[in-house]
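In this chain, numbering begins with 1 at the start of the sequence shown.
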Amino acid sequence: MKITALIADERGNIFDVPEAEGVGRVGEKFFKLKPEDLIKLPDSADLMYLPDRKAVGFKRGEFFTLKGRAVSAILPQGYTRTHLPAFKKSPNAEILPLYGYAAVVLHKNELHAASIYTDENFKWDPQNYNTPSLKKLIRRIKKDLPDNRIVAQVANCSLEWHCLTAQNLFYRRWECGVPTSPVCNANCLGCISLQSSECCPSPQSRINFVPSVEEIADIGIYHLNHAEDAIISFGQGCEGEPSLQYENISSAIKKIRQKTLRGQININTNAGFTSGIKKIVDAGLNSMRVSIISANAENYQKYYRAGYKLDAVKDSISYALGKNVHVSLNMLYMPGFNDRESEFAAWKNFLEELPVQMIQIRNLNYDPDEFFRIMPPDKDFLGTKKFLRELQKNFPNLTIGNFSHYVRSDKNAD
């Protein structure tokens, strides 16, 4: 069956182009898509047209520019894209909003995306969120935890930004975000809570206060005592770097564990502030998810533009592993970058030195052209599927997925 390119008109209506075969992009290279590159578009995926960018198709052995706008799939969590949308942008095109753009085509008379299914996503299925009862549940928690500013923050995140970890507090289940830090020690290209005004708009509003120890502890105790597979997580999309608030977080963890041993205490962190991480680990942390894009120090710094070095991140991971903390890497993923042969070699060295338990692949929400302007492309790459296969082959005990998994240890109890 033919794989057909898609275009959008100026009103956003989407059409197939029967004379043009579908194309995807890896790095800056175009590829004619094959059936094995595709999966049926998930029900909870979204489609977006890309302004000021013409779609690219394939015909008679050549890539060519189509008359309509390029179309992209925005995949739900649990899916990892293998190809970016193929397009040619106009000279005055603005940077794209912060989404993870994936190639999408028509195949077997259905929409298909260039993607693979990489983790069971029931807990993160959009159908479980934004239910008609959410506002009522928010009122309940506000009554149970009156005057707690974190509750007000995550209530706003739930209703305005539809954040899933924020909503889990009110649904009394799974992983609940506990934002604590309005400041950060990095300046990430794809930061989703603070972007310079000349760039793309941030999709979330950063917390503008530092919660007290009592506010943190109260919400932690409440969620861990009430929720199924309960996790509280510091380091959310609406904040900076949580380890910078290590004094309040470590004190709150101690208070929480004086009241309950249930559930899991997690931190999502860039791990660049090692002294703060050590304090939080020693207070009783169960798990740590470290944001990372590259095991190559130069490329790492190009993305994070941080006030620390990759060596500090490695020191934090080493310390946490030595204290039996479950460590995951939150690998920000861009096809044609992470899967380069040079990057894979660096990952092998990194994982041999630091045997973390899991890698969570996360589609990087950033304009591909702008990314590869800053991270110059390399023609030698493995492709997403081979990259993940080789990681698993070289590190058979490594879990590769997309989500923080509930971890039972001798530090927590049900």
Side-chain angles (χ1 to χ4, degrees), residues 95 97-100 163 165 177-210 233-249 266-281 285 288-320 327-334 337-338 343 346-347 350 354 356 359-367 370-375 404:
I95 295 176
L98 297 174
Y99 293 101
C163 174
T165 55
V178 184
T180 62
S181 182
V183 294
C184 196
N185 53 351
N187 181 26
C188 300
L189 289 177
C191 180
I192 61 174
S193 67
L194 187 65
Q195 285 285 336
S196 56
S197 59
E198 67 269 16
C199 177
C200 37
S202 302
Q204 295 189 24
S205 294
R206 182 174 289 188
I207 190 171
N208 61 6
F209 63 92
V210 177
S233 282
F234 307 107
Q236 300 304 304
C238 63
E239 66 175 311
E241 170 51 40
S243 67
L244 300 181
Q245 308 302 327
Y246 70 93
E247 292 180 332
N248 284 5
I249 289 177
N266 175 71
I267 188 169
N268 303 318
T269 173
N270 60 42
F273 183 43
T274 303
S275 60
I277 291 294
K278 287 181 176 180
K279 294 288 187 182
I280 293 169
V281 166
L285 191 71
M288 181 169 81
R289 187 179 73 182
V290 179
S291 172
I292 194 165
I293 195 168
S294 175
N296 176 294
E298 182 180 356
N299 287 341
Y300 180 95
Q301 195 60 231
K302 285 180 180 178
Y303 179 82
Y304 286 91
R305 302 180 294 187
Y308 59 86
K309 303 297 183 183
L310 181 59
D311 282 345
V313 177
K314 295 168 73 173
D315 288 343
S316 296
I317 294 173
S318 179
Y319 187 83
V327 179
S328 299
L329 301 181
N330 190 48
M331 184 186 290
L332 307 177
Y333 192 81
M334 180 72 77
F337 175 72
N338 311 72
E343 287 290 314
W347 283 118
F350 185 100
L354 298 167
V356 303
I359 289 180
Q360 297 178 39
I361 306 295
R362 188 61 51 92
N363 294 318
L364 176 60
N365 296 341
Y366 204 65
D367 184 316
E370 183 66 11
F371 180 84
F372 287 111
R373 182 184 68 82
I374 295 164
M375 300 282 201
S404 295

To the closest 0.5 Å, what do you measure between [atom1] ([X]) and [atom2] ([Y])?
X      : Y      : atom1 : atom2 : result
Glu343 : Met375 : CD    : CE    : 7.5 Å
Cys191 : Leu98  : SG    : CG    : 8.5 Å
Leu285 : Ile267 : CG    : CD1   : 6.5 Å
Cys184 : Leu244 : SG    : CG    : 6.5 Å
Met334 : Ile293 : CE    : CD1   : 7.0 Å
Ile359 : Met331 : CD1   : CE    : 4.0 Å

Query raised in the report: With no hydrogens and no angle check, is any side-chain donor or acceptor of Gln301 less than 3.5 Å from a backbone partner on Tyr308?
Result: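 Present.
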
Report task. Determine yes or no for a side-chain-to-main-chain donor-acceptor pair under 3.5 angstrom, with Arg305 supplying the side chain and Asn187 the backbone. Result ->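 Pair found, side chain donor or acceptor close to backbone of Asn187.
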
Taking the side chain as everything from C-beta on, heavy atoms only, tell me whether [X] gets closer than 4.5 Å to [Y].
X      : Y      : value
Val178 : Pro242 : no
Ile280 : Met288 : no
Ser328 : Val356 : no
Gln245 : Val183 : yes
Asn299 : Phe337 : yes
Ile292 : Trp347 : yes

Report task. With sequence neighbours left out, write down each residue that passes side chain to side chain contact (heavy atoms under 4.5 Å, CB included) with Asp315, or none if nothing qualifies. Result ->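 Thr274.
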
Query raised in the report: Can you name the side chain to side chain contact (heavy atoms under 4.5 Å, CB included) partners of Ala271, sequence neighbours left out?
Result: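 With sequence neighbours excluded, Ala271 shows a side chain to side chain contact (heavy atoms under 4.5 Å, CB included) to Thr269, Val290, Val313, Ser316, given in chain and number order.
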
Query raised in the report: Regarding Asn185 and Glu241, is there a side-chain donor-to-acceptor distance under 3.5 Å anywhere?
Result: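 The criterion, which ignores hydrogens and geometry beyond distance, is not satisfied for Glu241 and Asn185.
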
Query raised in the report: Between Asn268 and Asn266, do the side chains contain an N or O donor and an N or O acceptor separated by less than 3.5 Å?
Result: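 There is such a pair (donor and acceptor under 3.5 Å, judged by atom type) between the side chains of Asn268 and Asn266.
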
Report task. With sequence neighbours left out, write down each residue that passes ring pair (Phe, Tyr, Trp, His ring centres under 6.0 Å) with Tyr300, or none if nothing qualifies. Result ->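 Residues passing ring pair (Phe, Tyr, Trp, His ring centres under 6.0 Å) with Tyr300: Tyr304.
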
Report task. Could you label the plane-to-plane angle of the Tyr303 and Phe371 rings as parallel, tilted or perpendicular, counting under 30° as parallel and over 60° as perpendicular? Result ->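 Tilted, since the angle between the ring planes falls between 30° and 60°.
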
List the atom of [X], the atom of [Y], and the distance in Å for their closest heavy-atom pair.
X      : Y      : result
Leu332 : Ser291 : CD1-OG, 4.0 Å
Thr180 : Glu239 : N-OE1, 2.8 Å
Phe350 : Leu329 : CE2-CD1, 3.8 Å
Ala320 : Val281 : CB-CG2, 4.2 Å

Query - Residue list, salt bridge (charged side-chain N to carboxylate O under 4.0 Å, His left out) with Glu370, at least two apart or on another chain - result: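 Result, salt bridge (charged side-chain N to carboxylate O under 4.0 Å, His left out) vs Glu370: Arg373.
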
Query raised in the report: Taking only residues two or more places apart in sequence or in another chain, which ones pass salt bridge (charged side-chain N to carboxylate O under 4.0 Å, His left out) with Lys279?
Result: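 Listed in chain order: nothing, the list is empty.
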
**Report entry** Residue list, side chain to side chain donor-acceptor pair (under 3.5 Å) with Asn338, at least two apart or on another chain
**Finding:**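 Checked Asn338 against side chain to side chain donor-acceptor pair (under 3.5 Å); zero matches.
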
